[in-house]
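Please read all numbers here as calculations on a predicted model, not as lab measurements. Note on naming: letters A, B, ... go to the chains in the order of the sequence lines (proteins, then strands), and numbering restarts at 1 for each one.
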Amino acid sequence: MRYWLMKSEPSDVSIDDLAALPAQTVAWYGIRNYQARNFMRDQMRVGDKVLFYHSSCAEPGIAGLAEVSRLAYPDETQFDQANKYFDPKATRETPRWFNVDVRLVKKTRLMPLKEIRAAPVLASMRILQKGNRLSITPVDPREYEFIVSQL
DNA sequence: GCCAACGTTGGC
DNA sequence: GCCAACGTTGGC
């Protein structure tokens with residue numbers, strides 16, 4: 001089993017939005033970065049643990065725990081001309097983008113980015129590295145356990 | 001809104 | 001295959 005940190009803009013899908021969705025589950029649509037896509041398509045398995053992270057907002061940080069509830073499948077938004085994630089180069093026969101489903105495990109207190117940054121155990125997390133923009137990153141089991149212990 | 005960092009695109 | 005230009009991310 002693997003551990004991940006997945007960023008979501010709360011103005012798009014917040015932890016409360018996730019809690020309000022049917023089955024508290026969301027398709028992680030709209031990923032248009034190959035490295036992040038490959039993590040979902042090639043490495044994520046049902047049951048993998050997810051840190052749900054709020055980004056691009058007033059209080060960035062970890063907002064809850066979630067898990068992968070469905071293996072990667074083609075991202076519907078790439079086929080929808082009206083969608084901002086539409087990709088003219090993608091076809092049903094050869095989809096380019098994939099997403100998993102993510103289900104809420106529980107909403108937690110918000111663990112702010114500042115607090116993550118202040119913890120020596122977490123110093124090597126991808127999210128803290130300069131210039132990191134990847135919206136999906138692997139998390140070390142030790143890092144995951146530490147974070148859960150702080151929530 | 002600013003801006004550093006990075007990924008992607010496309011002309012050559 | 002190089003690399004300049006451009007677009008995006010995301011904290012501040």
Side-chain angles (χ1 to χ4, degrees), chain A residues 2-21 24-44 48-68 72-140 142-144 146-151:
Chain A
R2 290 188 165 97
Y3 302 87
W4 307 93
L5 183 143
M6 299 175 82
K7 298 179 189 173
S8 182
E9 300 188 13
S11 60
D12 185 8
V13 181
S14 71
I15 194 82
D16 291 327
D17 293 335
L18 179 57
L21 285 170
Q24 302 190 326
T25 297
V26 68
W28 210 264
Y29 60 84
I31 298 299
R32 296 293 180 269
N33 169 283
Y34 288 105
Q35 217 180 332
R37 178 203 69 181
N38 293 348
F39 282 142
M40 285 200 287
R41 190 191 59 186
D42 304 335
Q43 295 194 29
M44 284 194 185
D48 280 6
K49 306 296 186 192
V50 173
L51 300 169
F52 191 102
Y53 181 91
H54 281 173
S55 71
S56 292
C57 58
E59 284 190 293
I62 292 162
L65 303 175
E67 63 185 23
V68 175
Y73 57 98
D75 178 341
E76 268 306 310
T77 63
Q78 71 193 301
F79 308 123
D80 176 4
Q81 285 205 346
N83 196 285
K84 72 168 177 170
Y85 296 115
F86 175 66
D87 183 345
K89 292 179 182 162
T91 64
R92 296 259 173 205
E93 294 69 36
T94 53
R96 178 181 288 209
W97 306 110
F98 293 81
N99 61 244
V100 296
D101 281 357
V102 169
R103 178 172 55 218
L104 180 67
V105 171
K106 74 170 174 180
K107 179 182 176 179
T108 63
R109 77 174 177 94
L110 187 100
M111 183 175 184
L113 179 58
K114 259 187 288 185
E115 185 179 339
I116 299 170
R117 194 164 270 144
V121 199
L122 303 179
S124 62
M125 285 188 77
R126 288 284 290 273
I127 203 179
L128 300 181
Q129 310 312 311
K130 189 169 145 188
N132 170 69
R133 299 185 318 179
L134 254 194
S135 63
I136 298 177
T137 50
V139 172
D140 186 273
R142 268 211 218 89
E143 296 163 348
Y144 180 87
F146 177 79
I147 288 166
V148 168
S149 78
Q150 303 299 304
L151 296 174

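- The shortest distance between the side-chain N/O atoms of Lys7(A) and the OP1/OP2 oxygens of dT9(C) is not below 4.0 Å.
- Atom CZ of Arg133(A) and atom P of dA4(B) are 14 Å apart (whole Å).
- Nearest nucleotide to the Arg117(A) side chain, out of dT8(C), dG11(C), dG10(C): dG11(C).
- Of the candidates dC12(C), dG7(B), dG10(C), dC12(C) carries the atom nearest the Leu113(A) side chain, counting heavy atoms from C-beta on.
- Going from atom NZ of Lys130(A) over to atom P of dC12(C) covers 14 Å, rounded to whole Å.
- No side-chain donor from either of Tyr34(A) and Arg41(A) sits under 3.5 Å from a side-chain acceptor of the other.
- No N or O donor and acceptor, one from the side chain of Arg32(A) and one from the base of dT8(C), sit under 3.5 Å apart.
- Between the P atom of dG10(C) and the CD1 atom of Ile62(A) lies a distance of 15 Å, rounded to the nearest Å.
- Atom pair Asn132(A):CG and dC3(B):P shows a separation of 22 Å (rounding to whole Å applied).
- Using modelled atom types and a 3.5 Å distance limit, the side chains of Asp101(A) and Tyr73(A) yield a donor-acceptor pair.
- Following rounding to the nearest Å, Ile127(A) (CD1) and dC6(B) (P) show an atom-to-atom distance of 15 Å.
- Minimum atom distance to the side chain of Tyr34(A) is reached by dT8(B), of the listed dT8(C), dT8(B), dG11(C).
- Atom CD1 of Ile136(A) is separated from atom C1' of dG10(C) by 16 Å (rounded to the nearest Å).
- Between Gln129(A) atom CD and dT9(C) atom C1' the separation is 16 Å, expressed in whole Å.
- Gln35(A) places no side-chain N or O within 3.5 Å of a backbone atom of Leu134(A) that could act as its donor or acceptor partner.
- At least one side-chain nitrogen or oxygen of Tyr53(A) sits closer than 4.0 Å to the OP1 or OP2 atom of dG11(C).
- Aromatic rings from Trp28(A) and Phe52(A) are positioned such that their centres are separated by under 6.0 Å.
- In this model, no donor atom of one side chain and acceptor atom of the other lie less than 3.5 Å apart for Asp80(A) and Thr77(A).
- Counting to the nearest Å, the P atom of dT9(C) and the NE2 atom of His54(A) are 17 Å from each other.
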